[in-house]
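Computation of the quantities below employed the complete heavy-atom set of this structure, encompassing side-chain atoms and omitting hydrogens, waters and symmetry-equivalent molecules. Nothing fancy with the numbering, it's 1 onward along the sequence.
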Amino acid sequence: RSKRKRTVSVDQEVLPDFVSAAKVNPQPIPALANCELEVRLPVEADARVYDFAWMLARSSSNGDIRQPAVGLEGDSADVQQCVPGWTSFNALTQKSAIPPRASIGYCPVVNASPTELSTVYAVLTKCVRRCHSAGLDFAIVVADQALYAKAMAVVTQRREEFSSVVLRMGGFHIACMFLGILGKRFQDAGLHDIL
C-alpha cells in the first residue's frame, strides 16, 4: 500500500465579493467585428504567396517549369525532387525565427464553489490579468453551460472591466442544446415514436 499523500493541498484564497444586480442582456462586442479583418487578411495573403511559391517550385523537380512534375504521367519518376516538402519549405523561408517551445501548465486552483458568482468573478479577473500580461488583446474563456450562464451574468454587469473577455460555451453543451432543439422541433413529427 502506498503511503503517499493523494490529495492536493491548496491555500485558501479570499475571493472578492460580487453582488448580482438586475439582469442585463449582453450586447455584441464591436471590437471583434474588425479584429478578424485586421489580423487575418495580411497573414492569409502572405500564406497564399508562400503556398503559391512552393507549388511553383515543386511543379518541376529541377526548377524548370517547362518540365513535368515528379509523379505526373508516370514518365518522370526517376527525376529527384530538390524542393523540400511544404512544412520544411515554410520553415526555411520564414522571415522570423521559429518560436521557442511553449511550456503548458495548470493555472492555480481556486478552492471555492464554481457556482458562486464571486468565484466566477475571481476566475475571470485572473484570466484578464493573464491575458494582458501575455500581451493578448482578448481572453477566450470556454465553460460548460451552467458556468457559461454565470460568467455571462458577470461579464454583462461589468462590461468595462471584462471588455476583452470572449465567452464561449463548450462543444459538448452546444451539441446537447442543438440536439434538444431538434428534438423539440420534430417531436410532433413522430420522433418520439422512433426512439
Side-chain angles (χ1 to χ4, degrees), residues 5-51 86-178:
K5 192 176 185 180
R6 291 190 180 217
T7 59
V8 177
S9 61
V10 179
D11 296 334
Q12 190 65 21
E13 182 179 350
V14 178
L15 300 177
D17 289 333
F18 184 83
V19 180
S20 179
K23 187 174 180 181
V24 180
N25 291 331
Q27 299 293 321
I29 303 172
L32 290 181
N34 297 333
C35 176
E36 184 175 2
L37 295 176
E38 293 172 5
V39 174
R40 290 193 177 177
L41 288 180
V43 173
E44 284 181 13
D46 289 344
R48 287 187 180 143
V49 168
Y50 279 112
D51 285 346
W86 184 83
T87 304
S88 299
F89 179 81
N90 281 303
L92 292 172
T93 57
Q94 288 300 316
K95 297 173 193 167
S96 61
I98 296 174
R101 184 185 306 179
S103 67
I104 299 172
Y106 291 104
C107 291
V109 175
V110 177
N111 194 16
S113 173
T115 58
E116 296 290 327
L117 287 177
S118 58
T119 307
V120 175
Y121 175 73
V123 169
L124 288 174
T125 305
K126 287 181 181 184
C127 287
V128 168
R129 266 191 263 129
R130 285 182 182 261
C131 172
H132 291 309
S133 68
L136 301 173
D137 295 330
F138 298 102
I140 301 173
V141 179
V142 181
D144 65 358
Q145 188 173 2
L147 290 179
Y148 175 82
K150 301 264 185 197
M152 185 57 79
V154 171
V155 168
T156 53
Q157 287 181 18
R158 306 261 177 114
R159 290 178 204 261
E160 295 82 26
E161 186 177 353
F162 298 117
S163 62
S164 63
V165 173
V166 178
L167 285 175
R168 304 269 328 249
M169 192 182 313
F172 174 75
H173 288 94
I174 290 174
C176 287
M177 288 179 58
F178 179 71

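The shortest distance between side-chain heavy atoms of Leu117 and Val154 falls below 4.5 Å. Using a 4.5 Å heavy-atom cutoff, the side chains of Ser164 and Val128 are in contact. With contacts defined as side-chain heavy-atom distances shorter than 4.5 Å, the pair Arg158/Leu124 does not qualify. Side chains of Val165 and Cys127 form no contact here, defined as non-hydrogen atoms less than 4.5 Å apart.
Taking the salt bridge (Lys or Arg N to Asp or Glu O under 4.0 Å) definition, one finds that Glu116 meets it with nothing, sequence neighbours left out.
Note that the CG atom of Leu136 and the NE2 atom of His132 stand 9.5 Å from one another [nearest 0.5 Å]. Annotation: the span from Cys131 atom SG to Ile140 atom CD1 amounts to 9.0 Å, rounded to 0.5 Å. The OH atom of Tyr121 lies 5.0 Å from the CZ atom of Phe162; values are rounded to the nearest 0.5 Å.
The one candidate from Leu147, Val120, Val123, Asp144 that meets the side-chain contact (heavy atoms from CB on, under 4.5 Å) condition with Pro114 is Leu147.
Taking the ring axis of Tyr148 as reference, the NZ or CZ atom of Arg168 does not stay both within 45° of it and closer than 6.0 Å to the ring centre.
Shortest non-hydrogen contact noted between Ala112 and Thr119 is CB-OG1, 3.5 Å. Of all heavy-atom pairs between Ile174 and Met169, the closest is CD1-O, 3.3 Å.
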(request) Show the numbers, then the answer: is there a side-chain contact (heavy atoms from CB on, under 4.5 Å) between Val110 and Lys126? (result) CA-CA 11 Å; Val110 177; Lys126 287 181 181 184; 3.8 Å; yes
